[in-house]
Each structure stands twice: as structure tokens, then as C-alpha cells.
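Read through the structure below, which is laid out as C-alpha cells, and then see the notes.
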Amino acid sequence: MSVSERVQEELEALEAILMDDISITYNEKGYPELVKSTIFPSTADDTDKQYVCVTLEVKLPEKYPDCEPIINLRNPRGLDDSTVNEIYSSIKIKCNEFLGQPVIFELIELIRESLTESNLPTCQCAVCLYGFSEGDSFTKTQCFHYFHSYCLSKHLITTERLYQEEQDKLPAWQKNPKGFNAACPVCREGIICDVNELKTSLPPKDLENAQNFEVTNDLKLLQLKMKELFTYQKKRGGIIDIEAQENKLLLITVTADSSTPPGEDPGPSLTNNGAMDSEVLRGQRCDKRFNVNR
Amino acid sequence: MAALPRRIIKETQRLMQEPVPGISAVPDDSNARYFHVIVTGPEDSPFEGGLFKLELFLPEDYPMSAPKVRFITKIYHPNIDRLGRICLDILKDKWSPALQIRTVLLSIQALLSAPNPDDPLANDVAELWKVNESEAIRNAKEWTRRYAMDN
């Protein structure tokens, strides 16, 4: 059997078993180039209990299966780097073992087994940066990102409050009729959650047991270097003098538009003659800038 | 002052243990929410060779709200005004608690590589950047050489 017939046979079998869960891309010559499948742990089709997933990408060189395919694991969800690397190593061994034979289904099974074994998020919560311990209450979003329920509720409450504050400033005709949409902190996909339920959760355990911060010698050294750089740049006139800039601003703002509070607008950059170009005031498109009063 | 949130401690430790190339951030001795920052000008940008000092402050409800960041070293850039304030969406309405000190500083470094005169904060700089880019770049290089050098 020729190489391409063997590949064709393997792919037909995969499509028959996996159906919509596999996608095959062909090149312009009609030769299969890329096989993709998103793999979940086996949980007897109970998708609520699937906490991890990963997309397997198999590139088929023309000599496959007589040479190893090129494997990529994309979009790992709920998996930390070390778990992903472990899967990569076992893939490598499997590919070697199956040289000359179809291997894709073997790989899918291998990954599924690994995912089933580690079907608990090993990643960190992107909000508090701590992991998930036994007993922590956590939430899986529709986009497969993980947060402690406590942390996610804080995010949702804050973003909804900020959204309301923005809406309240708008005239009625500009208000968003659809209302607030919660978004995932990691990928900004829309998510649907019950905040009232989430906010009753306790803070994660790791958070309570974390170490305290100590100033190390390295840190002191860095602080010293920063101080030296500051002194040097100041001597050369390279440090922004906020007070001088604001005084200049105050004068010019008063003549240009007395209703504008001075702290709200940046200086009219580099207008040496002091004449106020009205563009400078109108052209500010970034609102809510950092207030420099410390 | 309330105890420092664990997340801030963790970020600080990671910044020390796995520093980002071209970026250093050190907490202040007296206020662990206030960071002294140095960002090096990216290669192949008019800011190459410069060491820019910034200050970064983590507000009370961080990470629910964005850090406040400002350039301390003078810089000639269309999205940074003469008070050192930065026009960057992730510092405003596009903030997410999944972002961190390191990702914010990386974004600021990226802004140095990709000035955006269509969304200006320093209008005359942006104007020149649009009508005479080579002159604007010359100014930026000159400011970098004059103000952002190390001893």
C-alpha cells in the first residue's frame, strides 16, 4: 500500500470514530496536512465534570507514517506547564514506538488518559495567582478558565459597578439597552455566572497560608541602582518636574477655558511660546488619566 | 495600613526571582504598593539605549482596578504626555485582574516600539509624528540620548 493510501485509511477511520470532534485540513494538492482535535477527559459525557482540555494538532509530513508527525498541544485549559510537558514527553515516546504505523488515534487516547487522571485544574487562579487546593470552591467558565469562586465574584461585582457608573454618566439615548455583560478576566469572552451564589464562597486556602514578604539583599541592591539612575538623570534635566508643568498648565488653562480643572488635562506639550492651541484641549481622547497628585 | 494582599507579595517575589528582560520593578522601602521601575528602550525603536524610570502604584482594590503608572524620565512619544501620563487601554477600561505588573510593563515597553499617533495624548508630538515621521523620530532619539541615559 502506498504512503498516501495508508494515511487516507487512517484518517477515514478517525473520522468514523470521532466524527465532528476531528478536523482535517488538506493542502492545495489534496494531501492531508493537519489533523486537529480538542480532547476532554472521559467523564461519561458529563461535560460539567470536565475541568481540563487541550487541542491536539498533528502535522503530517509527506513521509508519515514512516517518519514522526509534528505534534503541538494548543490552548491547554486548566493545565499548568509541567502537566503539558509531561504529556509532550509521553507523546514523544508513543510516536517513536509507533514509527511506520498509524499513531494519531493512539495519541488521542493517550492524551485523554492523562487528562482524565489530572481532571482537576493544575493551573493558578488568574485573579489571586494561587492554585486550587482540596476544598476550595472554584468555577469553570464556559471558555474553560478557572477561578476561585470568591475571586471571580469580586471581579464580577467590580466590573458591574464600574459599568453602572459609566452608564449613569451617559444620556438616556446613549445607554446600552442590553445591560451589563460579564466577561472572563483571561480571554474577555462573555460568561454567565450567578454572582449572588459565587460571593458566598470562602476565600481560597492557599491565600491564607502564603508566606510573608521580606526585603532581600538583591532587592536592596536594585533599589540602590534605581536611586543612582534617578540622581544621574535628574542632574541632566531628564526628570519630569510635575510641579513646574502643572503651574504652566494652570496659567494656560485659565486663559483658554476657565471651567477646566487644571489637574484634568496634561500640559500643552512643547508649546514654547505659551500660546494655547485649542486643539490641545479638544484633542484629548483618553479620559480618566492618572491623576498625578500623590 | 491594611496587610498587603497575598497577590501583591506573590507578584513581587516573582518579579525578583524571574525578572523580565529589559524591565526591573522594585517596591519602595516604606510603601510596598509603590514600585520604582526601569524600562529599557526596545531595540530598533527611537528609544533604544535609553533607561526610562517609571513609577507604579497599586491602588487599594488592586487587582480589581488597574495599577497607576507614569513615566518619570522625560520621553518624546505621542501617547505619553509631558507629565509622563500614558495612554494605554489596559490601564483604563480594558483592565482585567488577569493582567499583572509584569504584563502591564511589557505592554508599556511594546508601546515604545509601536507609537500610535492616531490616539494621541501629547498632541504636538502626535501631529509631528503624522506629518513628518522622520523628524519626530529624530526628536525621540535626541530626547532619549539627552535624558534617558545611564551614568
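First the proteins, then the strands, lettered A, B, ... as listed; each starts at 1.
Within 6.0 Å of atom NZ in B/Lys141, 12 or fewer heavy atoms from other residues, nucleotides or ligands are found, so the atom counts as exposed in its surroundings. Few gaps surround CG on A/Leu170; more than 12 heavy atoms of other groups in view lie less than 6.0 Å from it. Enclosure of atom NZ in A/Lys175 by more than 12 non-hydrogen atoms of other residues, nucleotides or ligands within 6.0 angstrom is indicated. A/Asn196 CG: more than 12 foreign heavy atoms inside a 6.0 Å radius. In this structure, B/Glu48 places its CD atom where more than 12 heavy-atom neighbours from other residues, nucleotides or ligands lie under 6.0 Å away.
A/Lys154 contributes no side-chain N or O that, together with a main-chain N or O of B/Met64, makes up a donor-acceptor pair within less than 3.5 Å. Although no hydrogens or angles enter the test, the distance criterion places a donor-acceptor pair under 3.5 Å between the side chain of A/Arg236 and the main chain of B/Arg146.
Side-chain contact between B/Arg14 and A/Leu129 is absent, with no heavy-atom pair separated by less than 4.5 Å. Contact check for A/Gln223 versus B/His36: no side-chain heavy atoms found under the 4.5 Å cut-off. The shortest side-chain heavy-atom distance between B/Lys74 and A/Gln233 does not fall under the 4.5 Å cut-off. Contact of the A/His155 side chain with the B/Pro63 side chain is not registered, since no non-hydrogen atoms from C-beta on lie closer than 4.5 Å. Between B/Arg70 and A/Ile242 there is a side-chain heavy-atom pair separated by less than 4.5 Å. Looking at heavy atoms from C-beta onward, B/Lys53 lies in side-chain contact with A/Leu229 at the 4.5 angstrom threshold. Side-chain atoms of B/Pro27 and A/Leu219, non-hydrogen and from C-beta on, do get closer than 4.5 Å to each other.
Annotation: residues 37-46 of chain B contacts chain A through B/Val37, B/Ile38 [non-hydrogen atoms, separation under 4.5 Å].
With chain A as the partner, the residue from B/Leu99, B/Asp28, B/Asp150 showing the most heavy-atom pairs under 4.5 Å is B/Asp150. Ranking B/Gly84, B/Ala126, B/Ala148, B/Ala66 against chain A, the residue ahead of the rest is B/Ala148, based on heavy-atom pairs under 4.5 Å. Most heavy-atom pairs under 4.5 Å with chain B, from the set A/Ile240, A/Thr159, A/Leu222: that is A/Ile240. Taking B/Pro97, B/Ser96, B/Ser65 one by one and counting their heavy-atom pairs under 4.5 Å with chain A, the maximum is reached by B/Pro97.
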- Query: Are A/Cys128 and B/Lys10 close enough, and set up right, to give a side chain to side chain contact (heavy atoms under 4.5 Å, CB included), and what steps lead you there?
  - Reply: CA-CA 9 Å; A/Cys128 70; B/Lys10 191 149 188 189; over 6 Å; no

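Neither the backbone nor the side chain of B/Glu127 comes within contact range of chain A; no heavy atom of the residue lies under 4.5 Å from a heavy atom of that chain.
With rounding to the nearest 0.5 angstrom, the NZ atom of A/Lys225 is 7.0 Å from the OG atom of B/Ser24. Remark: A/Lys234 NZ to B/Ile72 CD1 distance equals 10.0 Å, nearest 0.5 Å. A distance of 10.5 Å separates CG of B/Leu51 from OH of A/Tyr232, quoted to the nearest 0.5 Å.
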